[in-house]
Amino acid sequence: MNFETELKKGKFLVSECPFCKIIVWPPSDFCNRCLKENSWKECSCEGKILEFSKKENTIFCVAEIEKSLKILGEIISGTPEIGKKIKVVDCGITNNNYFFKMAIIE
Ligand SMILES: [Zn+2]
């Protein structure tokens with residue numbers, strides 16, 4: 001399974017160690033704790049805002065997803081506040097950078 005191949009298609013996968021029961025981030029085929037092989041699953045894509053900032057008309061935020069990984073993304077709808085719930089509604093790769101677009105869901 002290749003994380004980037006799937007991300008290009010707009011699918012957000014996370015690697016999880018079946019032994020440690022942790023999500024391994026950045027995504028990897030192997031657990032960074034026990035070095036065994038991870039399994040892949042589709043991310044729930046839900047999380048909360050840890051930080052956000054505004055630049056012109058774009059709102060960027062750092063969100064914590066699945067209680068374990070932190071991603072940088074753009075908020076495309078809703079009024080951001082720290083701690084608010086978000087959902088990743090779009091993701092992919094442009095110019096070799098990952099992008100995540102999020103909507104506020106509460
Ligand atoms: Zn492990």
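Since the model is a prediction, treat every value here as computed from it, not as a measurement. Values reported hereafter were calculated over all heavy atoms of this structure, with side chains retained and with hydrogens, waters and symmetry mates removed. We count ligands from 1, going down the list as the structure has it; atoms in each ligand are counted the same way.
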Next item on the list: Using a cut-off of 6.0 Å, state whether more than 12 heavy atoms not belonging to K84 lie near its atom NZ.
Entry: yes
Notebook entry, point to check: If you draw the axis of the six-membered ring of F99, does the NZ or CZ of K101 fall within 45° of it and under 6.0 Å from the ring centre?
Noted result: yes
Next item on the list: Could you tell me how the ring of F12 sits relative to the ring of F100: parallel (under 30°), tilted (30 to 60°) or perpendicular (over 60°)?
Entry: tilted
Check: Is it true that the side chains of S44 and E66 contain a donor and an acceptor less than 3.5 Å apart?
Finding: yes
Next item on the list: Give a yes or no on whether a salt bridge exists between K70 and E51, defined as a side-chain N under 4.0 angstrom from a carboxylate O.
Entry: no
Check: Near the Zn ion (ligand 1), which protein N/O/S atoms are found at less than 2.8 Å?
Finding: C17 SG, C20 SG, C31 SG, C34 SG
Check: Taking the six-membered ring where the residue is Trp, are the ring centres of F3 and Y98 under 6.0 Å apart?
Finding: yes
